[in-house]
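This report refers to the structure that appears directly beneath it.
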Protein chains: 2
Amino acid sequence: MKTAALPDEDPIDVSTQSIRDSIRDAIVDRRLAPGTKLSETDVGALFNVSRTLVRGALQALSYEGLVNVEKNRGAFVAYPSPEEARQIFATRRMIEPGILREAAKHMGPSHFQHLRQLLMEEGRLMGERGQTARRAEIKASGDFHLMLASMTGNAVMQRFMDELVARSSLVIALYGQSAISSCGHQEHQDIVTAIERKDLDHACHLMVHHIDHIEADLDMRENKGSDLREAFKL
Amino acid sequence: MKTAALPDEDPIDVSTQSIRDSIRDAIVDRRLAPGTKLSETDVGALFNVSRTLVRGALQALSYEGLVNVEKNRGAFVAYPSPEEARQIFATRRMIEPGILREAAKHMGPSHFQHLRQLLMEEGRLMGERGQTARRAEIKASGDFHLMLASMTGNAVMQRFMDELVARSSLVIALYGQSAISSCGHQEHQDIVTAIERKDLDHACHLMVHHIDHIEADLDMRENKGSDLREAFKL
DNA sequence: AGCCAACAGATCGTATACAATTTAACCACG
DNA sequence: CGTGGTTAAATTGTATACGATCTGTTGGCT
């Protein structure tokens with residue numbers, strides 16, 4: 001089977017970084033399905049670079065948990081197991097309250113402005129129909145959590161959240177079922193309101209339950225078809 | 001200047017992974033000083049591998065924040081700025097309380113056994129003298145936080161903590177001054193006691209202050225000699 | 001026909017080769 | 001004697017080459 005199509009940008013100046021970003025965007029945007037094989041040769045051909053750079057990009061993505069590289073077999077878009085998915089959300093429950101409290105310390109009126117603006121956009125997308133709008137909605141939903149993280153002014157933490165949100169997106173792509181975060185949008189608003197009211201305890205409470213709700217909306221039964229190899233012990 | 005000496009293990013079967021681990025151990029153990037250049041050729045010669053594998057290892061370490069790779073200039077043992085150091089500890093304050101609460105849910109008598117055992121070892125090292133004992137003491141101090149993280153049973157979170165502890169170790173190597181965690185050891189014990197007593201609120205409180213104390217023991221004045229290049233914008 | 005073995009094609013792992021950039025040395029010149 | 005510019009060495013960036021491993025197929029054997 002050939003590797004699924006990637007966006008064929010005009011190859012003016014491509015580096016490891018840009019390849020990595022392109023592939024990651026494609027994964028997070030669900031244009032690359034979980035489990036898809038990412039052949040070094042094919043990807044290299046698409047970007048007009050050698051396997052060397054492709055390998056670098058794939059290795060980096062494997063650190064981020066978006067790609068699995070199996071020795072002598074190649075790289076595949078990550079196919080997170082239910083257990084892995086649970087750990088990702090458990091991790092978010094452990095750190096996002098901390099982020100929220102820290103962000104609140106740094107937030108001024110302009111920050112609330114930005115958040116409200118993001119929520120507006122999110123609400124607008126919920127009204128629309130179609131695959132594209134759906135993708136944008138999921139992305140916006142993640143952006144809310146990322147924006148909160150950015151308001152801590154902490155680059156280390158922000159990178160952790162980048163990774164967690166990206167992997168969450170993969171999990172939702174795999175196991176998500178309903179009209180997704182229809183409720184999530186309202187919960188985002190409630191969280192912002194609580195922060196604005198300086199009621200951080202309540203805001204954290206809402207945040208944890210919000211993450212619970214996202215996870216509860218997943219149907220994580222095993223064997224959506226792939227892990228056979230792992231099912232029988234490597 | 002030649003690259004500083006690395007442990008010359010008998011080169012039976014070396015892979016990217018083992019190179020990465022060796023270099024990381026050397027950095028965390030302070031056998032490689034911050035700012036040291038890691039020449040691809042030299043490192044490759046030490047391990048009897050080609051630059052290809054070395055580059056992979058260095059790239060991985062750069063993702064972990066232990067190495068900085070500057071384009072066309074090479075890789076250097078990370079030299080965290082005071083700001084970066086603050087962010088690392090701020091991140092730990094944000095997530096370690098969450099870890100503590102989650103770990104507490106999973107802890108049985110045997111887990112407390114393990115923790116107490118680690119604390120014993122830590123106390124023993126405090127009594128000894130010499131560089132080696134000092135190194136072991138710092139390592140044991142980090143291991144306490146790592147063991148707590150491992151008790152969450154969450155591999156994602158554990159990886160985050162691995163990174164944070166390793167980078168903290170670098171920061172302490174750079175900016176640490178006093179007899180270090182002499183007090184830290186007692187604080188570790190107090191934290192375990194509080195957890196055992198099911199007083200998680202207090203345990204979290206102790207944990208946050210413990211991290212505060214570690215950070216307060218640093219002397220983070222700028223310009224320990226290197227950042228000239230960065231001081232003048234790239 | 002069914003099954004196992006040998007083979008061929010494809011893909012990955014590692015090393016080497018060459019181009020681009022930086023760093024250091026050297027020498028002319030003020 | 002210090003300064004600036006040109007050149008050579010060293011180092012990194014990228015591509016290619018070759019060996020190893022895996023996968024799928026074919027052909028012979030029972």
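Within every chain, numbering begins at 1; the chains are lettered A, B, ... in the order of the sequence lines, protein sequences first and strands thereafter.
As rounded to whole Å, 14 Å separates atom C1' of C/dG13 from atom CG of A/L58. Rounded to a whole Å, the CG atom of A/L53 is 14 Å from the C1' atom of C/dA19. In this structure, CZ of A/R55 is placed 16 Å from P of D/dT16, rounded to the nearest angstrom. Distance CZ (A/F47) to C1' (D/dA15): 18 Å, rounded to an integer number of Å. Spacing between atom CG of B/N68 and atom C1' of D/dT12 amounts to 16 Å, rounded to whole angstrom units. Rounded to whole Å, atom C1' of C/dT21 lies 14 Å from atom CD of B/E70. Atom CG in A/D42 sits about 10 Å away from atom C1' in C/dT11, given to the nearest Å.
Taking the nucleotide of DNA chain D with the nearest heavy atom to each of A/V49 and B/T41, the more 5' of the two is matched to B/T41. In this structure, B/T52 and A/G74 both approach DNA chain C, and ranking their closest nucleotides by distance from the 5' end singles out A/G74. When the nearest nucleotides of DNA chain D are assigned to A/K71 and A/S50 by heavy-atom distance, the more 5′-ward of the two goes with A/S50.
Donor-acceptor pairing under 3.5 Å is recorded for the side chains of B/Q87 and B/E83.
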Assess the residue pair A/R93 and A/D212 against the criterion (salt bridge (Lys or Arg N to Asp or Glu O under 4.0 Å)); give the C-alpha distance rounded to whole Å, side-chain angles, the decisive distance to 0.1 Å, and a yes or no.
CA-CA 8 Å; A/R93 275 189 295 268; A/D212 277 339; 2.9 Å; yes
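Interatomic distance, B/I172 CD1 to B/E215 CD, rounded to the nearest 0.5 Å: 10.5 Å.
B/R51 contributes a side-chain N or O that forms a donor-acceptor pair with the base of D/dG13 under 3.5 Å.
For B/E40, the side-chain atoms get nearest to D/dG13 when compared with the rest of D/dG13, C/dT14, C/dT23. For A/R73, whose side chain is taken as the heavy atoms from C-beta onward, the closest listed nucleotide among D/dT23, C/dC12, D/dT11 is D/dT23. If you check D/dC22, C/dT11, D/dT12 against the side chain of A/N72, the one that comes closest is D/dC22.
At distances below 3.5 Å, at least one donor-acceptor pair connects side-chain atoms of A/R135 with backbone N or O atoms of A/D29. Using modelled atom types, one side-chain atom of A/K37 and one backbone atom of A/R73 make a donor-acceptor pair closer than 3.5 Å.
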